[in-house]
Colleague: 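One structure follows; several queries about it will come next.
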Amino acid sequence: MCNVDYDIIIIGAGTAGLTAAIYGVRSGKSVLLMEEKMYGGQIINTPEVENYPGIESISGASFATNLYHQAKGLGAEYMTAQVKKIEDCGNTKKIVTDDHSYISRAVIIATGAKNRSLNLPNEKEMIGKGVSYCATCDGMFFRNKDVAVVGGGNTALEDAMFLSNYCSKVYIIHRRDTFRGESHLADTLREKENVEFVLDSVVEQLNGETMLESVQVRNKVQNKTRTIPVSGVFIAVGQVPDNGAFSDIVTLDDHGYILAGEDCKTSCEGIFVAGDCRTKTVRQLTTAASDGAVASLAACSYIDTKSRRERI
Ligand code: NAP
């Protein structure tokens, strides 16, 4: 057997990964968190979290920072690295990064999901020129300007709420006439004078030479197009998983999510999965934290059982 570097390596330091780290170190295991970008995951961009039990209101950034310091304070190690693949070495796993490899007894994949794009022809080129996927990060650039938010989930509604506080006008463009996001958010937005709902509508074109000037929108029911002048468009149409690096070691579903049930066990013994990157029906902060705990305790139990067997 190869020399083991860590009991558990966790790939991804969002809510699921950081929670898994807390449970792992508190169970006496050595834990390494590997994160490609910055710790915190998707919640870091949410202006206000108001549905996490026991916390009335907190910014996503503060929530993520508290969680990170909690995991580090308890003894979890943290590194910035991009994982290229995981190799199954039987009793251990080899995690290969861009410049090194590490051996662990168990692995927890908690890579979350990335922003879905609208797949418009010039969408990529217009990023930073009016197109954004993060209202909290870029919203201030659009103070006193007209902007649009695309999407009908909680992210779109929360982004619209945030932007309506300092943009002149906020259009919410959604492809249906009912929202996937919480109705109280939509109701509050309806009361705002500077918010306009553009429903049953899809964005067909992003117009502008060097900077975004307007969006062309088609109402699907009336089959009519309309050009809305805006300086910014915030695209919040959900997420897609990013599990390509693991597709040859664990089974993915047709949409690229890692197949697992509520026990967070993947098709490969010793590899567990937590949070938005696995097959599940509810993707919330609470369920990410829950998965982190379940996956970590399952990994600890797997390691302990293996160790007992090796001693016999
Ligand atoms: P989401 O709930 O999946 O909503 C995505 C929205 O984008 C849907 O309204 C969908 O329309 C629309 N959409 C998807 N593909 C589209 C396309 N190609 N063109 C136009 N519209 C498209 O995503 P989300 O809002 O990012 O939220 C993700 C998860 O995080 C959810 O479970 C959400 O509740 C959670 N979340 C929680 C908090 C919080 O706890 N404070 C904050 C933000 C998000 P349809 O409705 O027609 O499918």
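Just follow the structure's listing: the first ligand is 1, and inside any ligand the first atom is 1.
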Colleague: Does NZ or CZ of Arg105 come closer than 6.0 Å to the centre of the six-membered ring of Tyr6, within 45° of the ring's axis?
Modeller: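 The answer is no; the distance or angle limit is not met.
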Colleague: What is the closest protein heavy atom to atom 23 (O) of ligand 1, and at what distance does it sit?
Modeller: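 The answer is Gly238 CA, 3.4 Å.
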Colleague: Which pair of non-hydrogen atoms, one from Tyr257 and one from Asn243, has the smallest distance, and what is that distance?
Modeller: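 Reported closest heavy-atom pair: CA-ND2, 3.8 Å.
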Colleague: Does a side-chain N-to-carboxylate-O contact under 4.0 Å join Asp291 and Arg278?
Modeller: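 Between Arg278 and Asp291 there is a salt bridge, with a charged N closer than 4.0 Å to a carboxylate O.
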Colleague: In this structure, are over 12 heavy atoms from other groups packed under 6.0 Å from Tyr23 atom OH?
Modeller: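 For Tyr23, atom OH is not crowded (no more than 12 foreign heavy atoms under 6.0 Å).
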Colleague: Measure centre to centre between the rings of Phe179 and His174, then say whether the value is under 6.0 Å.
Modeller: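 Yes - the distance between ring centres of Phe179 and His174 falls below the 6.0 Å cut-off.
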Colleague: Do Phe142 and Tyr166 have ring centres separated by under 6.0 Å?
Modeller: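 Judged by ring-centre distance (under 6.0 Å), Phe142 and Tyr166 do not meet the cut-off.
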Colleague: Note the single closest protein heavy atom to atom 36 (N) of ligand 1, along with its residue, its atom name and the distance in Å.
Modeller: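 For this ligand atom, the closest protein heavy atom is Asn154 CB, 4.0 Å.
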Colleague: Below 4.0 angstrom from a heavy atom of Gln239, which ligand 1 atoms are there? Numbered from 1 as shown, please.
Modeller: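 Within the 4.0 Å cut-off of Gln239, ligand 1 contributes 26 (O), 28 (C).
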Colleague: Taking a hydrophobic cluster as the set of Ile, Leu, Val, Met, Phe, Trp and Tyr residues connected by side-chain heavy atoms closer than 4.5 Å, whether directly or through intermediates, do Met79 and Ile109 fall within one such cluster?
Modeller: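 Yes, Met79 connects to Ile109 through the hydrophobic network.
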Colleague: I'd like to check which ligand 1 atoms, numbered from 1 as shown, lie under 4.0 Å from a non-hydrogen atom of Arg176.
Modeller: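 Ligand 1 atoms under the 4.0 Å threshold to Arg176: 45 (P), 46 (O), 47 (O).
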Colleague: Which is closest to atom 48 (O) of ligand 1 by heavy-atom distance: Gln284, Arg180, Glu48?
Modeller: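 Heavy atom nearest to atom 48 (O) of ligand 1 belongs to Arg180.
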Colleague: Nearest to atom 11 (O) of ligand 1 by heavy atom, Glu50, Arg175, Arg116: which?
Modeller: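 Result: the heavy atom closest to atom 11 (O) of ligand 1 is in Arg175.
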Colleague: Please could you name the atoms of ligand 1 that Arg283 approaches to less than 4.0 Å, counting only its heavy atoms?
Modeller: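 Matching atoms, with element in brackets: 29 (C), 30 (O), 31 (C), 32 (O), 35 (C).
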Colleague: When the ring centroid of Phe63 is compared with that of Tyr52, is the distance short of 6.0 Å?
Modeller: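 Between Phe63 and Tyr52, the centre distance is under 6.0 Å.
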Colleague: Select the closest option to atom 24 (P) of ligand 1 among Leu185, Thr155, Thr178, Val150, judged by heavy-atom distance.
Modeller: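 The option holding the nearest heavy atom is Thr155.
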Colleague: Which residue owns the protein heavy atom closest to atom 39 (C) of ligand 1, what's the atom, and how far is it?
Modeller: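 Checked against all protein heavy atoms, atom 39 (C) of ligand 1 sits closest to Asn51 ND2, 3.6 Å.
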Colleague: Hey, is Glu158 touching ligand 1 through its side chain, its backbone, both or neither, going by heavy atoms under 4.0 Å?
Modeller: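 Answer for Glu158: side chain.
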Colleague: Among Val202, Leu118, Val237, Leu285, which one has a heavy atom closest to atom 15 (N) of ligand 1?
Modeller: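 Result: the heavy atom closest to atom 15 (N) of ligand 1 is in Val237.
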